[in-house]
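All chains are named by letter (A, B, ...) in the order of the sequence lines, taking the proteins before the strands, and each is independently numbered beginning at 1.
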2 protein chains.
Amino acid sequence: MGRHKEFNRDEAVTTVMNEMWEHGYEACSAKALSEKLGITRSSFYNAFGSREKLFEEIIQNYNGPKTNRDWFLINETSSVLKSISQTLQRFCRARVNDPAARGCLFINSITELVSKNDQLDPVVKDNFSTNVAYLESILTVALERGEIEKCDLRIKALALQSVLISLNVLSKVVRDEDELWATTKHSLQALGVYKE
Amino acid sequence: MGRHKEFNRDEAVTTVMNEMWEHGYEACSAKALSEKLGITRSSFYNAFGSREKLFEEIIQNYNGPKTNRDWFLINETSSVLKSISQTLQRFCRARVNDPAARGCLFINSITELVSKNDQLDPVVKDNFSTNVAYLESILTVALERGEIEKCDLRIKALALQSVLISLNVLSKVVRDEDELWATTKHSLQALGVYKE
DNA sequence: GAAATAGTGTACACTTATGTACAAAAAATA
DNA sequence: TATTTTTTGTACATAAGTGTACACTATTTC
């Protein structure tokens, strides 16, 4: 019952995601976003509640579902290390090929929001924990399959998360794909999680 | 000749540095900074020209002189790897002990300004290049002293820069000194640049 | 068709922020 | 003391941004 929205909500969320990815959260005012979407602020607030709530929706969307954050496309047959290596190589390519050099929305948000925005700080931290837990889970699989040596998997997961962080930050400055990948590969090999 | 400033310029630069470190560049408006300094915007513009010029001054100040960026306190006698390890351990402690979890002003600025602020993008990139060159130079010393194996020092320097980046980003989220240092140490050991 | 419901447009009453212009004030030099 | 130089305070004109209130419009259900 009631009047229909004059815009597609899902499309709008995607548009806002790209705006926040490119310009950062704080640079995206309700006014600017509303104008970008071609709606009034009135409709914006009605549809999304607030910028904060919208960000929460966007970051969940960006990172994928909490229970199944399958970035590395791990399956039963192929090597876990191979999946990690191939995925990070794809990331290097994607980040360098992005003309706006946006890096990663989530990692940008750590720098911009943690300990700066009281409402979103816990959201970002929660997403971070989920990420590290995911990395630890795939390293556990790698260990079970004998692909890596026994070690503190929590620390190894944090070290792998570190490679992801620096790859994304570095990609804003190192705009040569070969150089970015050589650096990432060097780190992966050092950590013993690289496989051709 | 002429009237004296009613504030200490150097003190003001330090105050603004801390404001930008804590809140980020864009969050520090000319109005907000002027009020923080207890001066009028008129005096602010007169003394610093613009927010951009002031940032340039601050980041040079923060990173230290271009020709002598001696963060790792390398000297003729002690081990280069030991200096690196001890310095990064000090960084872990400092970052976790910072109640505002500000991370590193320079690394925060990469995320906030590169490809977003036309005027400051080249300033940040230039500082980055200087940093990597510095890291490569100390790795060269380490190689000459037989502390590391022969390899592509440019890539090794970028990998070491990666550890610095992730340590600083990670420190906003990983608030336990032992865990942060364990992760950093693990990465340094993997890269073959750790020494007790 | 009337009632209920949900989205839209306009207005309000702010606050923040920009950079410049110009007069007034203070200090050094001539 | 008069002149020059620099800093400071106030004002201007304008744009961006906040969240809410309320009438208006479109749509569905009864």
If we count only N and O atoms by modelled type, under 3.5 Å, do the side chains of [X] and [Y] hold a donor and an acceptor together?
X	Y	result
R69(A)	N131(A)	yes
S137(A)	T140(A)	no
T40(B)	S43(B)	yes

To the nearest angstrom, how far is [X] atom [atom1] from [N] atom [atom2]?
X	N	atom1	atom2	value
K5(A)	dT8(C)	NZ	P	7 Å
F44(A)	dG17(D)	CZ	C1'	12 Å
K31(A)	dG9(C)	NZ	P	16 Å

### Query
Of the residues in residues 47-59 of chain B, which ones touch DNA chain D at a heavy-atom distance under 4.0 Å?
none

### Contact letters for nucleotides 20-30 of chain D, in which S counts primed atoms plus P, OP1 and OP2 and B counts the base, heavy atoms under 4.0 Å
B----BBBBS-

## Note on the structure
Of N117(A), L120(A), V16(A), the one forming a side-chain contact (heavy atoms from CB on, under 4.5 Å) with F55(A) is L120(A)

### Residues from residues 19-29 of chain A lying under 4.0 Å of DNA chain C - heavy atoms
none

For [X] and [Y], work out which heavy atoms get closest and say how close.
X	Y	result
R9(A)	E57(A)	NH1-OE2, 2.6 Å
E26(B)	E112(B)	N-OE2, 2.8 Å
L135(B)	L164(B)	CD1-CD1, 4.2 Å
L180(A)	V96(A)	CD2-CG2, 3.6 Å
A157(B)	E136(B)	CB-N, 3.7 Å

### Task
Carefully, step by step, assess K36(A) and E19(A) under the rule salt bridge (charged side-chain N to carboxylate O under 4.0 Å, His left out).
CA-CA 9 Å; K36(A) 181 81 190 178; E19(A) 285 295 298; 3.6 Å; yes

#### Entry: Sugar-phosphate only, base, or nothing, as touched by F7(B) at under 4.0 Å among non-hydrogen atoms
sugar-phosphate

### Task
Look at S43(B) and dT8(D) and indicate whether a side-chain polar atom (N or O) is within less than 4.0 Å of OP1 or OP2.
yes

### Summary
From the list W71(B), F106(B), W21(B), ring-ring contact (aromatic ring centres under 6.0 Å, His included) partner of Y62(B) resolves to W21(B)

